[in-house]
Structures are given as structure tokens and as C-alpha cells.
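Below: one structure, written as C-alpha cells.
No experiment lies behind these values; they were computed from the predicted model shown.
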There are 2 protein chains.
Amino acid sequence: MTVSGWNLDSDQMCPQRLVLEHVTSRWGVLALIALEERSHRFSELRRALGRVSEKMLTQTLQTLERDGLVHRDAKPVIPPRVDYSLTDLGREAAEQVRALAAWTERRMDDVHKARAAYDEARS
Amino acid sequence: MTVSGWNLDSDQMCPQRLVLEHVTSRWGVLALIALEERSHRFSELRRALGRVSEKMLTQTLQTLERDGLVHRDAKPVIPPRVDYSLTDLGREAAEQVRALAAWTERRMDDVHKARAAYDEARS
DNA sequence: CGGTATCCAAAAGGATACTG
DNA sequence: CAGTATCCTTTTGGATACCG
């Protein structure tokens, strides 16, 4: 992989860059990891993700659904019930971001040490 | 991996989440991929990354340096010459983000199809 | 319950001018 | 050349109110 092809062209990102932003976005990462474990209702996801606003969760899920990563199953009952789950594509995406997340977790100690050394050298 | 531990606590993200944001940031991704190939001078990186402002490139490189992913070598010459390269930790990070980037590239067709179907169903 | 619409505050990002 | 400092625009995110 080269950096060319991931550049911005005039006034716009390359399309794969947008997908990368969707899956690594603040709530996208958490939604994918939560949904990898099991399907969730909207309100379950809200609780699982902590302090996400309705607007941001809706926006995140719609983006991931549009990209074909998340499946939305709205049951026609009252009160409404909507279940979210991963598609096969979404499961692949979740594995990728989980791998990246796991790496940051594994190396967090090294990062902390590096930061301490960096800050020390400048104080 | 569970989603707990990646939540926000009160008014702040968990630390590994910040590292993930650094390496997946707009310019962080491109800088890591460019530096994985070879070390670059500041101005070389500016050109390689396309249309990044000096401010954002500086900020990105400082963040990655502080996290211990990038090595900054400022030679005491006139005019100044500063070379950036990856540390061992940074090389690991670059491999991870490149894997994720490669996945989005591989699956871009599926995403496009999903988007077309999504948009079609709503028009 | 699971959203949408609107408004507003905060943060990110960039253009420009300047410096060692 | 490789930054820093300042200002300003754009984007993001959340709070609130309302709807089917």
C-alpha cells in the first residue's frame, strides 16, 4: 500500500478513506465491538456505549447501515422494537477494528512510557 | 475484547482510545503509511500527504512522536533539516492501520453496492 | 420506543504572518 | 527549512423538544 490513492483530491476524500472514518469513528468502533458480541436493540446500544446522545447513535448506525456493515430490523410492533446486528461485511470490519483496538491495549504501557519520556525531556 | 473499558468515563476517554484516534486520524494514517516506506523530511511529508497545512502536519507528528510511534531527528544545520522515521512501536502501528486500510480497499466494491441498494430503497 | 428537527457550544482544521 | 502564533471558518457533537 502506498499513500497515494489515500490522498485528498480537490475538496474531497477518496471513498475508502470515508469508510475508514466511519468504522473508526468515536461511536462506530464501540458499536461494531458491541454488535460483534450479539445483536442489540437501540436502547441497549445506548446503555452499552455509555454516554452517547440519541442523535449521534442514530447517525452512527445509519452510516454503518448504509455502508452495508450493520443490519437494521425494525419490527412493526407497538411499542416499536428495532434490533441491530452485523452483516458478514460488518463482522469483517469489526474484526479489523478489534485487532487495532487490541493492539493499542497491548502496547498502552509502551505508549505511556514514551509519553513520560517525551514530557520529561521538555520540562 | 468487550466494549466496556473503551467507554468514556466522566468527561474523558479511556487512554487507549486516544491512541487509536491518533493513529486513525486524518493525517496520522497517511503519515504512518508514508513513513513505513521510508523516512521523510518535514517538507517531503507535506508533499506526500497532499494538502495538509503546516499546522496540522506539525500537530500530527508531535502527537505521534509523543506516543512513541515516530522518531524526530533534527540536524543542527543551516538551513534546518528534520527527518522523521518510525520507531519499532510505530512500525507495528503502521502495520495495523495499513491492514485496516487494505481491508477497506478490498471491500470497497461491497460497500458501494450496499450504499446503492440503501439509497435506492429510500428514493 | 425509536427516532427526527432545531439550535447552540465546542473542537477541529486551515490561511496567513512571522521567527530562529 | 521547519516550525510557531494568531485568527477565522467549518465541522462535530450534544441538549432539547417533538413525532409516529
Review point. Heavy atom of residues 34-46 of chain A under 4.0 Å from DNA chain C: which residues?
Key: A:R41, A:F42, A:S43
**Study point:** A:R17 bridged to A:E21 by N-O distance under 4.0 Å
**Key:** yes
Study note, to complete from the structure: Test side-chain contact (heavy atoms from CB on, under 4.5 Å), reference A:T104, set B:V19, B:T24, B:L18, output is B:V19
Review point. Would you say A:Y84 reaches C:dG3's phosphate, i.e. side-chain N/O to OP1/OP2 under 4.0 Å?
Key: yes
Exercise for review: Start with the C-alpha distance between A:T58 and A:F42, add both sets of side-chain angles, then the distance that settles side-chain contact (heavy atoms from CB on, under 4.5 Å), and finish with yes or no.
Suggested key: CA-CA 9 Å; A:T58 298; A:F42 185 84; 3.6 Å; yes
Check your understanding: Is A:Y84 linked to A:M56 within one hydrophobic cluster, defined over Ile, Leu, Val, Met, Phe, Trp and Tyr using a side-chain heavy-atom separation of less than 4.5 Å?
Key -> yes
Check your understanding: Can you tell me how far the CH2 atom of A:W6 sits from the CZ atom of B:R26, to the nearest 0.5 Å?
Key -> 14.0 Å
Exercise for review: Working to the nearest 0.5 Å, report the span between SG of B:C14 and CD of B:Q16.
Suggested key: 4.0 Å
Exercise for review: Measure the spacing between CE of B:M108 and CH2 of B:W103 and express it to the nearest 0.5 Å.
Suggested key: 9.5 Å
**Study point:** Axis bend over the full length of the helix from C:dC1-D:dG20 to C:dG20-D:dC1, computed from five pairs that close each end, to 10 degrees
**Key:** 50°
Every protein N/O lying under 3.5 Å from an N/O of nucleotides 18-20 of chain C:
none

Practice item. Could you list by number each residue of residues 71-79 of chain A showing a heavy-atom separation from DNA chain C of less than 4.0 Å, or answer none if no residue does? Key: A:R72, A:P79
Check your understanding: Are A:R38 and A:E44 ion-paired here, with the side-chain N under 4.0 Å from a carboxylate O?
Key -> yes
**Study point:** NZ-CG distance between B:K113 and A:L89, expressed to the nearest 0.5 angstrom
**Key:** 11.0 Å
**Study point:** Nearest-0.5 Å distance, CG of residue A:L49 to CH2 of residue A:W27
**Key:** 6.0 Å
Check your understanding: Do other residues, nucleotides or ligands put more than 12 heavy atoms under 6.0 Å from the CG atom of B:D73?
Key -> yes
Please list, pair by pair, any protein nitrogen or oxygen found under 3.5 Å from a nitrogen or oxygen in nucleotides 9-13 of chain D.
unit_1	atom_1	unit_2	atom_2	d
D:dG13	O3'	A:R26	NH1	3.4
D:dG13	N7	A:K55	NZ	3.4

Point to revise | For A:D83, all residues meeting salt bridge (charged side-chain N to carboxylate O under 4.0 Å, His left out), sequence neighbours excluded | key: A:K75, A:R81
Check your understanding: Starting at CZ of A:R47 and ending at C1' of C:dC1, how long is that distance when rounded to a whole Å?
Key -> 11 Å
Exercise for review: In whole angstrom, give the distance that lies between atom CG of A:L57 and atom C1' of D:dG14.
Suggested key: 13 Å
Practice item. Apply the side-chain contact (heavy atoms from CB on, under 4.5 Å) test between B:V70 and each candidate in B:T60, B:L35, B:T63, B:T87; give the one that qualifies. Key: B:L35
Review point. In whole angstrom, what separates A:L61's CG from C:dC1's P?
Key: 17 Å
Practice item. Calculate, to the nearest 0.5 Å, the distance between atoms CD and NE2 belonging to A:Q62 and A:H22 respectively. Key: 12.0 Å
Practice item. Answer yes or no: is there an ion pair linking B:R122 with A:E65, defined by an N-O contact shorter than 4.0 Å? Key: yes
